[in-house]
There are 2 protein chains.
Amino acid sequence: MSSLVEVARAAGVAVSTASRVLSGSDHPISAKTRAKVLAAAEELDYSPSALARAMVSPHSRLVGVLVSDIDNPYFSVIARGVDDAASRAGYVTMLSNVDRRTGTEIDRLQAMRDYRAAGVVFAGSGYVDDPRTPDLVDAVRRAREQGVQAVSLAVRDLGCPSVVVDNRAVAHDITDHLVSLGHRRIAFIEGPTGMTVTRHRREGFLARMREAGLADSAQCQPGGFDYESGHAATLRLLARPPLPDAVIGANDEVAVGALSALRQAGVDVPGEVSVAGMDDLRLAEFVGLTTVSLPLYEMGSLAARHIIDSPPVPRPRVTTSADAGRSSGAGPTRRGGRRADPPGDGRADAPADVSADVPATTTVLGHRLTVRETTARRTGERA
Amino acid sequence: MSSLVEVARAAGVAVSTASRVLSGSDHPISAKTRAKVLAAAEELDYSPSALARAMVSPHSRLVGVLVSDIDNPYFSVIARGVDDAASRAGYVTMLSNVDRRTGTEIDRLQAMRDYRAAGVVFAGSGYVDDPRTPDLVDAVRRAREQGVQAVSLAVRDLGCPSVVVDNRAVAHDITDHLVSLGHRRIAFIEGPTGMTVTRHRREGFLARMREAGLADSAQCQPGGFDYESGHAATLRLLARPPLPDAVIGANDEVAVGALSALRQAGVDVPGEVSVAGMDDLRLAEFVGLTTVSLPLYEMGSLAARHIIDSPPVPRPRVTTSADAGRSSGAGPTRRGGRRADPPGDGRADAPADVSADVPATTTVLGHRLTVRETTARRTGERA
DNA sequence: TTGTACGCGTTATCAT
DNA sequence: ATGATAACGCGTACAA
């Protein structure tokens, strides 16, 4: 190791000079001095402390991403998008798995806040009527007041910007495709109970079925987001004939679970029954699944770029000399001290929330149908 | 936000007192004072700066993990293991994708070192005869000298401890299984050219074939680690009959690619040809693939725990007043100073490399065969 | 039990 | 073009 002072000493210059050279400042430096500093840094294996750097700036060059489970391809693609954008900008990505627990989300957000992250990306969907949502919203608000940005990748109303897809439309479109293939009796295997995305996708499915006058032949099965859920739900379908013309999984993995269950039961897919999913993860390609492609990678990178490109709220530094030190009452107290409650709104001169008052923007990214005929084909009886 | 001084001021105590309360010190504190401080902290939404904390300790509570691509289930499981262990211990995980590029590995290691990470986990395999390996080894050495631990999850000789599986044995075992099933002509689709793991797995395959006196009917196809590679390699196999009795993929995804190609070509699997893989990722379960289970999650968590549990090399703090400042030569040198040079070792008093001289330990974790008869069965002609 | 003061490594500000 | 120094927020010897 070795610090700036050691490098400066070895180079025979002042720390400020060494700093200017090594931090790529645009301050003019003589070529000779620059060379000396560079040489000394090399010699001493100087490694700038990002910690110390972050202490004198509004925030660190760390971006966090909160996923339900990184070992779920839906989230790993997002994480990849975040990290690519972060790395490109010289940032480092922090990752935390929260297992869909709001409490854990709050904890991990706090941990990242402790590191003065530039921002945190919330990758997962929330639950409808989650009792802890207010706590999370509060945690997000406080983080933002401190200069830690937040971006949600799901429709969640966290009081922060969001980059999302229209999950109703996603489900609507895949349903539309199956209907256009001539399928009438369509079963929908839902996602995890209570999740917002589950609700949206079901609504999209039902909406399209209604529009097609097929409300009566629409069938929703409780499910989940994993293979086992899809498999189990399909077994239930198999146990109560007649079979539907098509099965839609709440996501690709569920669809694959359905596919397996059907084929294991000797059902011809796509001959007798069509199967389709949503998300278009790699898995979908492997099994030739008709699905809907989501811009997950882009959502991640876009969120990260939003965080990185946001001009940091410059935290006012204390004005040097004079009354700096011990003016116990007047000086620094101004920050959080006089919190003159404005009527109604709880955050009058709350520090550093320049953007907290503008309505959180929502960016909706597009999706597209991806047809792979291995699992979904035109129905025989109705061309 | 709000800092310790502000909390202390609000509570009417000294910063040290506030610190003792808020940082969970065992220093005795009167109940009343403690309560006051806690209340003030709550009121001011105090968030301890992990940055400042890390500055006064030997390292931060950040652990890094370097993966080739987080959107590859092999690595995402590892990352999950790392993060679980890290989170449990109050650490935060840093993640970087390096796309199998040694240069990028060096860069990202450096970035994590800048944050004074407690340690960095190298999840990916290296290349045989990689010209940049010496640079990486050097970077690892310097990081370790600074107190940033390193752990490799592949046989790589980075000069750091490693937690690995025996990939020769892995390939040997899956080959053994197919041989015991009666298969004679077995094709092996290799991993990416030049990777160490690729070599090891091929060696394991060939070794078992030799032992079985089947060296002549062993067939190696160039491949990769992804679906497309497996698919393409299998198309080549199909183009040059006769077909082998069985196909082994260098990993599960390759095996699934092979499986698809075979079935698309009308070949009955496992009737005519058996297919097997290695790793046992979720995918293998979906398609019912016979494979070898690897303790990837455990490797990740074990590596993280190794880092976290390692006693930090206590960086000697300067002894207050007196000669503190400018004793350019004597002072800090004491750190690694009296290290009784082992003869032949060229780095006498390199600072803080207490463990650099003990031979890097290698922990080999076990694996086990996982049989799923959907893709591999006893050959018809030879029971 | 509590308070005082210093240092961690960096950047920014203010001289020179 | 370069140097000196005050912050940033924290933990911790040391003093009281």
Side-chain angles (χ1 to χ4, degrees), chain A residues 1-9 11-34 36-37 46-61 114-116 146-147 314-326 331-332 335, chain B residues 1-9 11-34 36-37 46-60 114-116 146-147 314-322 324-325 331-332:
Chain A
M1 78 137 169
S2 72
S3 68
L4 204 49
V5 284
E6 307 182 59
V7 172
R9 192 181 302 148
V13 301
V15 283
S16 45
T17 304
S19 170
R20 291 192 263 252
V21 173
L22 295 170
S23 67
S25 156
D26 53 353
H27 200 95
I29 296 284
S30 83
K32 212 179 64 178
T33 302
R34 158 169 277 113
K36 275 196 304 187
V37 172
Y46 170 67
S47 148
S49 168
L51 264 24
R53 275 197 175 150
M55 280 201 61
V56 292
S57 19
H59 59 71
S60 67
R61 290 171 86 86
D114 290 347
Y115 282 95
R116 303 300 183 256
Q146 193 188 24
R315 171 175 52 168
R317 294 190 59 158
V318 174
T319 55
T320 329
S321 57
D323 67 337
R326 65 300 174 97
R335 255 185 258 183
Chain B
M1 76 137 169
S2 72
S3 68
L4 204 49
V5 283
E6 306 181 60
V7 172
R9 192 181 301 148
V13 302
V15 284
S16 50
T17 305
S19 170
R20 293 192 260 254
V21 172
L22 265 9
S23 66
S25 157
D26 54 355
H27 200 95
I29 294 286
S30 82
K32 213 179 64 179
T33 303
R34 158 168 276 110
K36 275 195 305 187
V37 173
Y46 170 67
S47 148
S49 168
L51 263 25
R53 276 193 174 156
M55 280 199 63
V56 293
S57 24
H59 58 72
S60 67
D114 291 346
Y115 281 96
R116 302 299 182 257
Q146 193 188 22
R315 177 173 48 171
R317 299 192 55 158
V318 175
T319 54
T320 328
S321 56

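All values reported here derive from a predicted model rather than from experimental measurement. For the numbers below, each heavy atom of this structure counts, side chains included, while hydrogens, waters and symmetry mates do not. Residue numbers start from 1 in every chain, and the chains themselves are labelled A, B, ... in the order their sequence lines are given, proteins ahead of strands.
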Any base atoms under 4.0 Å from [X], or only sugar-phosphate, or nothing? Heavy atoms, all strands.
{"X": "A:Val13", "answer": "sugar-phosphate"}
{"X": "A:Ser49", "answer": "sugar-phosphate"}
{"X": "B:Ile29", "answer": "sugar-phosphate"}
{"X": "B:Leu4", "answer": "sugar-phosphate"}
{"X": "B:Thr33", "answer": "sugar-phosphate"}

How close or far is atom [atom2] of [N] from atom [atom1] of [X], stated in whole angstroms?
{"X": "A:Leu22", "N": "D:dT2", "atom1": "CG", "atom2": "P", "result": "14 Å"}
{"X": "A:Glu6", "N": "C:dG9", "atom1": "CD", "atom2": "P", "result": "7 Å"}
{"X": "A:Lys36", "N": "D:dA1", "atom1": "NZ", "atom2": "P", "result": "15 Å"}
{"X": "A:Met55", "N": "D:dC10", "atom1": "CE", "atom2": "P", "result": "8 Å"}
{"X": "B:Gln146", "N": "C:dC8", "atom1": "CD", "atom2": "P", "result": "15 Å"}
{"X": "A:Leu51", "N": "C:dT11", "atom1": "CG", "atom2": "C1'", "result": "15 Å"}
{"X": "B:Tyr115", "N": "C:dG9", "atom1": "OH", "atom2": "C1'", "result": "14 Å"}

Minimum side-chain heavy-atom gap A:Arg61-B:Tyr115 below 4.5 Å: yes

Go through [options] for me and flag the one nearest to the [X] side chain.
{"X": "A:Arg53", "options": "C:dT11, D:dA1, C:dA5", "answer": "C:dT11"}
{"X": "A:Pro28", "options": "D:dA7, C:dT2, D:dA1", "answer": "D:dA1"}
{"X": "B:Ala52", "options": "D:dC10, C:dT2, D:dG3", "answer": "D:dC10"}
{"X": "B:Arg20", "options": "C:dT10, C:dT2, D:dG3", "answer": "C:dT2"}

Upstream residue (5' side of DNA chain C) when A:Val5 and A:His27 are each assigned their closest nucleotide: A:Val5

Donor-acceptor contact present, side-chain B:Ser19 to main-chain B:Val15, <3.5 Å: no

Flag, side chain of A:Ser60 to backbone of A:Ala54, donor-acceptor distance under 3.5 Å: no

Nearest-0.5 Å distance that lies between atom CE in A:Met55 and atom CZ in A:Arg116: 9.0 Å

N/O donor-acceptor pair, side chain [X] with base [N], under 3.5 angstrom:
{"X": "A:Arg116", "N": "D:dG9", "answer": "no"}
{"X": "A:Ser30", "N": "D:dA1", "answer": "no"}
{"X": "B:Ser16", "N": "C:dG3", "answer": "yes"}

5'-most by nearest nucleotide on DNA chain D - B:Ser19 or A:Arg34: A:Arg34

Shortest non-hydrogen contact between B:Val7 and B:Ser2, atoms and distance: CG2-OG, 4.3 Å

Closest non-hydrogen atom pair between A:Ala18 and A:Val37, with its separation: CA-CG1, 4.0 Å

